[in-house]
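Every heavy atom of this structure was used, including side-chain atoms; hydrogens, water molecules and symmetry mates were not.
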Amino acid sequence: MTQQSQLLVSAIVVFDIDGVVRDVSNSYRRAIADTVEQFTQGAYRPSLADIDVLKSEGIWNNDWEASQELIYRYFEAQGQPRNSLALDYQEIVRFFQSRYRGSDPENWTGYICNEPLLLQSHYLNELSSAGIAWGFFSGATRGSANYVLEKRLGLQSPVLIAMEDAPSKPDPTGLIATVQQLTNNTLDNSTPVVYVGDTVADMYTVEKARSLAPNRVWIGVGVLPPHVQESPQRRDAYAQTLKVAGAKVIFDNVQQLTPREIQKLV
């Protein structure tokens, strides 16, 4: 970003990726279900609703850890304490990745290849034209995030803080680092920041950023992932969960967060 464009920036928008930029209900969440089923010897396969319940606790942003936790909880419900289980976390990660990325680490053939996109690059161009800076903070691995941002959307070296770069949400370190990159580490705190996410952890991240950097305006915007919009009851329940967690406004699709809507928020 040039110095001239910095002066024109009216807001900063940081996007989560999973559930916001791409639909992961049949990829990441399917891989969670596969992994839990594998490590419970086929006894338990969590539904999307089961996974949402876990995610609503606000601390299971990492899907490898979420898979492990669901495995633990299944066995605890059967009367086996987790400290009696010999789960190998690295084996869980390897199995998950074999489903999500595929078995070939160089040429991905897994569920990631079929993720529907939830935004198009022209939307990001519209934000730039309106003087709105944008970047990405995601709990996805850098490889997975770049796959969608660069290969699918055609973005060139977008500002991105990924799993390898910061602690898991709701720790706000990665969100703050994204903002610092977008502002070239200037000390000006006057530009409001909007963080767009689909989970409770995303909204908690905004709250924690606000407490760490109170001189800047931080706004949480919720987006409903496609799989919760299949019934009005589930949609409304999920939206209410995001509101309680701190979302100022909630949209069905990220591209409804237009420059006009952003200006209303800030």
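A salt bridge does not link R73 with E76: every distance from a Lys NZ or Arg NE/NH1/NH2 to an Asp or Glu carboxylate oxygen is 4.0 Å or more. Classification of K243 and D236 as a salt-bridged pair fails, no side-chain N sitting under 4.0 Å from a carboxylate O. A salt bridge links R82 to E69: one of the charged nitrogens lies within less than 4.0 Å of a carboxylate oxygen.
Although no hydrogens or angles enter the test, the distance criterion places a donor-acceptor pair under 3.5 Å between the side chain of D165 and the main chain of A162. A donor-acceptor contact shorter than 3.5 Å is absent between the side chain of W134 and the backbone of L127. At distances below 3.5 Å, at least one donor-acceptor pair connects side-chain atoms of W218 with backbone N or O atoms of A213. Side-chain N or O atoms of E126 include none that pairs as donor or acceptor with a backbone N or O of P259 at under 3.5 Å. Although no hydrogens or angles enter the test, the distance criterion places a donor-acceptor pair under 3.5 Å between the side chain of R142 and the main chain of L160. Distance alone, capped at 3.5 Å, places no donor-acceptor pair between the Q38 side chain and the F95 backbone. Put simply, the side chain of S84 gets close to the backbone of P81: a donor and an acceptor are under 3.5 Å apart. In this structure a side-chain-to-backbone donor-acceptor pair under 3.5 Å is missing from E261 to Q256.
To the nearest 0.5 Å, atoms CG (D198) and CG (D23) are separated by 10.0 Å. Remark: R152 CZ to Q120 CD distance equals 9.0 Å, nearest 0.5 Å.
For the residue pair E37 and Y74, no side-chain donor N or O sits within less than 3.5 Å of a side-chain acceptor on the partner. In this model, a donor atom of one side chain and an acceptor atom of the other lie less than 3.5 Å apart for D202 and T199. One side chain, Q263 or S10, offers a donor N or O that lies under 3.5 Å from an acceptor on the other. No side-chain donor from either of T178 and Y195 sits under 3.5 Å from a side-chain acceptor of the other. Residues Y111 and D34 have side chains that bring a donor and an acceptor to within less than 3.5 angstrom of each other. Y44 and D50 share a side-chain donor-acceptor pair at under 3.5 Å.
Cluster annotation: M163 is connected to Y100 through the hydrophobic network of ILVMFWY side chains, with a link wherever side-chain heavy atoms come within less than 4.5 Å. Connection of Y123 to I250 is not established within any shared hydrophobic cluster, with ILVMFWY side chains joined at heavy-atom distances below 4.5 Å, either directly or through further cluster members. Taking hydrophobic clusters as Ile, Leu, Val, Met, Phe, Trp and Tyr residues chained together by side-chain heavy-atom distances below 4.5 Å, L119 does not share a cluster with V228. The hydrophobic cluster containing V221 does not contain M203, counting ILVMFWY residues as joined when their side-chain heavy atoms lie under 4.5 angstrom apart, directly or transitively. Cluster annotation: L118 is not connected to L48 through the hydrophobic network of ILVMFWY side chains, with a link wherever side-chain heavy atoms come within less than 4.5 Å.
Checked against V194 for a side-chain contact (heavy atoms from CB on, under 4.5 Å), the options I12, V13, I132 give a single hit: V13.
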- Give the intermediate values and the outcome of salt bridge (charged side-chain N to carboxylate O under 4.0 Å, His left out) for residues D63 and K55. CA-CA 9 Å; D63 287 335; K55 294 278 187 178; 2.4 Å; yes
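The minimum heavy-atom distance linking A140 with D18 is given by the pair CB-OD2, 3.8 Å.
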